[in-house]
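The next block holds one structure in the form of structure tokens; read it before the comments.
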Amino acid sequence: MSAAGDTMTASAVYILLGPPGAGKGTQARMLQDKFGLVQLSTGDLLRAAVKAGTPAGKQAKAVMEEGGLVSDEIVLAILKDRLAEPDVQRGVILDGFPRTTGQAEALDRLLAEAGQKIDAAVSLEVEDAAMVTRISGRYTCAKCGEGYHDTFKQPARAGACDKCGGSDFTRRADDNAETVQTRLDAYHAQTAPLIAYYDRRGVLARVDAMGDIPAIATALGAIVQRISA
Ligand code: ADP
Ligand code: ADP
Ligand code: ZN
């Protein structure tokens with residue numbers, strides 16, 4: 001394995017596939033804590049670029065607000081930069097990437113160049129009807145990024161983040177009823193075909209994501225444990 005340039009050096013590569021609101025971020029953070037893997041969310045990276053006002057962020061902003069997908073070119077550039085950082089060597093959970101066949105093929109090329117492979121692509125399977133409820137109740141700790149939900153995941157002490165004690169919470173601009181349908185349409189048209197893509201490569205695992213957060217975490221933990229054993 002090489003640590004040169006933008007070479008990918010992660011020792012384990014897991015992909016979390018699923019529609020917006022499926023629980024990818026929630027589960028990725030739990031896997032990060034439990035297995036020392038690094039969550040890599042292209043949504044978070046893009047939001048950081050928008051906030052910082054970088055050229056990529058400026059291009060991505062309007063598309064994200066409308067609920068469309070940012071171009072493969074921008075997403076790949078942002079992802080490659082992140083993969084060049086040393087902490088990814090512990091292994092990564094790709095959360096929200098890839099989202100198009102073009103991105104999946106680019107990832108295959110990146111991994112092949114580094115002599116690496118995908119350990120598992122896990123599809124979180126949820127009904128569209130649940131998405132609207134999950135997305136419309138979502139909020140996040142502004143300080144540490146821990147995710148919460150108005151109904152399904154409230155902090156143990158009202159108004160204080162369980163993880164860092166922070167009292168400042170944010171809601172995403174795109175988490176509104178208008179964009180949800182656009183985002184679901186983008187998922188079905190452009191991302192759902194990746195389930196068959198990874199099935200053909202023999203790395204697909206399906207997890208029923210209609211259950212509660214701990215039950216899904218147990219199912220995902222078992223997959224990682226089986227593969228890393
Ligand atoms: P994604 O990263 O796939 O968009 P999130 O992990 O942000 O999804 O979850 C969306 C919202 O739903 C959050 O508010 C989260 O707390 C909540 N949530 C996550 N998993 C579940 C679940 N299994 N049941 C109910 N709510 C959930
Ligand atoms: P969610 O899981 O709720 O859809 P994300 O945080 O993963 O939220 O993504 C938010 C937005 O960022 C998406 O609607 C899209 O505009 C953009 N985005 C994130 N990841 C990608 C990607 N891999 N390719 C294209 N656009 C992306
Ligand atoms: Zn916090």
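Order of appearance sets the numbers: ligands from 1, and atoms from 1 within every ligand. Just so it is clear, the model here is predicted, and its values are computed rather than measured.
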Inset, instruction - Could you grab the angle centred on the Zn ion (ligand 3), going from SG in C141 to SG in C144, to 10°? - result: 110°
Inset, instruction - Check I216 against ligand 1 and report side chain, backbone, both or neither, counting heavy atoms closer than 4.0 Å. - result: side chain
Legend entry - CD1 on I135 to CG on D174, rounded to 0.5 Å: 8.0 Å
Legend entry - Per-atom contacts, ligand 1 versus Y148 - under 4.0 Å to a heavy atom: 13 (C), 14 (O), 16 (O)
Inset, instruction - Before signing off on this row, confirm whether G96 and ligand 2 have an N or O atom pair separated by under 3.5 Å. - result: yes
Inset, instruction - Give the numbers and elements of all ligand 1 atoms closer than 4.0 Å to a heavy atom of D212. - result: 23 (N)
Legend entry - Metal-centred angle, SG of C164 through the Zn ion (ligand 3) to SG of C161, rounded to 10 degrees: 120°
Inset, instruction - Tell me yes or no: between the side chains of S71 and E73, is some donor less than 3.5 Å from an acceptor? - result: no
Inset, instruction - Check for a donor-acceptor pair, side chain of D119 on one end and backbone N or O of Y14 on the other, with a separation under 3.5 Å. - result: no
Legend entry - Any N/O pair L46/ligand 2 closer than 3.5 Å: no
Legend entry - Closest approach of any protein heavy atom to atom 2 (O) of ligand 2, naming residue and atom: K24 NZ, 3.0 Å
Inset, instruction - Identify the protein heavy atom lying closest to atom 12 (O) of ligand 2, giving its residue, its atom name and the separation to 0.1 Å. - result: M64 CE, 3.4 Å
Inset, instruction - Supply the atom-to-atom distance D150 CG to R138 CZ, rounded to the nearest 0.5 angstrom. - result: 12.0 Å
Inset, instruction - Cation-pi check, R171 to F169: give yes when NZ or CZ is under 6.0 Å from the six-membered ring centre and within 45° of the ring axis, no otherwise. - result: no
Inset, instruction - Say whether Y187 and Y197 are linked into one hydrophobic cluster, either directly or through other cluster members, by side-chain heavy-atom distances under 4.5 angstrom. - result: yes
Inset, instruction - Below 4.0 angstrom from a heavy atom of F152, which ligand 1 atoms are there? Numbered from 1 as shown, please. - result: 25 (C), 26 (N)
Inset, instruction - Give the residue, atom name and distance (to 0.1 Å) of the protein heavy atom nearest atom 8 (O) of ligand 2. - result: R172 NH2, 3.0 Å
Inset, instruction - Just need the protein heavy atom nearest to atom 20 (N) of ligand 2, so name the residue and atom and give the distance. - result: T42 OG1, 2.8 Å
Inset, instruction - Please say whether R138 places an N or O atom under 3.5 Å from an N or O atom belonging to ligand 2. - result: yes
Inset, instruction - From the options P20, G21, G68, A22, select the one whose nearest heavy atom is closest to atom 15 (C) of ligand 2. - result: G68
Legend entry - Minimum heavy-atom distance between V180 and V132, given as atom pair plus value: CG1-CG2, 3.9 Å
Legend entry - K61 contact mode with ligand 2 (heavy-atom cut-off under 4.0 Å): neither
Inset, instruction - Have a look at ligand 2 and work out which part of E66, if any, has a heavy atom under 4.0 Å from it: side chain, backbone, both or neither. - result: neither
Legend entry - Donor-acceptor pair, side chain of H149 and main chain of T133, under 3.5 angstrom: yes
Legend entry - Under 3.5 Å: N/O of R47 near N/O of ligand 2: yes
Inset, instruction - Do me a favour and list the nearest non-hydrogen protein atom to atom 24 (N) of ligand 2 with residue, atom name and distance? - result: Q103 NE2, 2.9 Å
Inset, instruction - Can you measure from CG (D95) to CG (L31) and round to the nearest 0.5 angstrom? - result: 10.0 Å
Inset, instruction - Kindly say whether R90 contributes a backbone atom to a donor-acceptor pair with the side chain of D87 at under 3.5 angstrom? - result: no
Inset, instruction - Using distance alone, decide if ligand 2 has a nitrogen or oxygen within less than 3.5 Å of any nitrogen or oxygen in D95. - result: no
Legend entry - Polar atom proximity, D175 to ligand 2 (N or O, under 3.5 Å): no
Legend entry - Identity and distance of the protein heavy atom lying nearest atom 22 (C) of ligand 2: R99 CD, 3.3 Å
Inset, instruction - Mind checking the NZ-CZ spacing from K153 to R134? Nearest 0.5 Å is all I need. - result: 12.5 Å
Inset, instruction - Would you kindly specify which portion of V70 sits under 4.0 Å from ligand 2, judged on non-hydrogen atoms: side chain, backbone, both or neither? - result: both
Legend entry - Side chain T140, main chain G145, donor-acceptor under 3.5 Å: no
Inset, instruction - Output yes when a side-chain donor or acceptor of Q27 lies under 3.5 Å from a complementary backbone atom of G23, and no otherwise. - result: no
Legend entry - Enumerated ligand 1 atoms positioned under 4.0 Å from heavy atoms of G25: 1 (P), 2 (O), 6 (O)
Inset, instruction - Heavy-atom contacts with T26 under 4.0 Å: which atoms of ligand 1 show up? List them by number with element. - result: 5 (P), 6 (O), 9 (O), 15 (C), 19 (C)
Legend entry - Check: K24 side chain, L94 main-chain N or O, donor-acceptor pair, under 3.5 Å: no
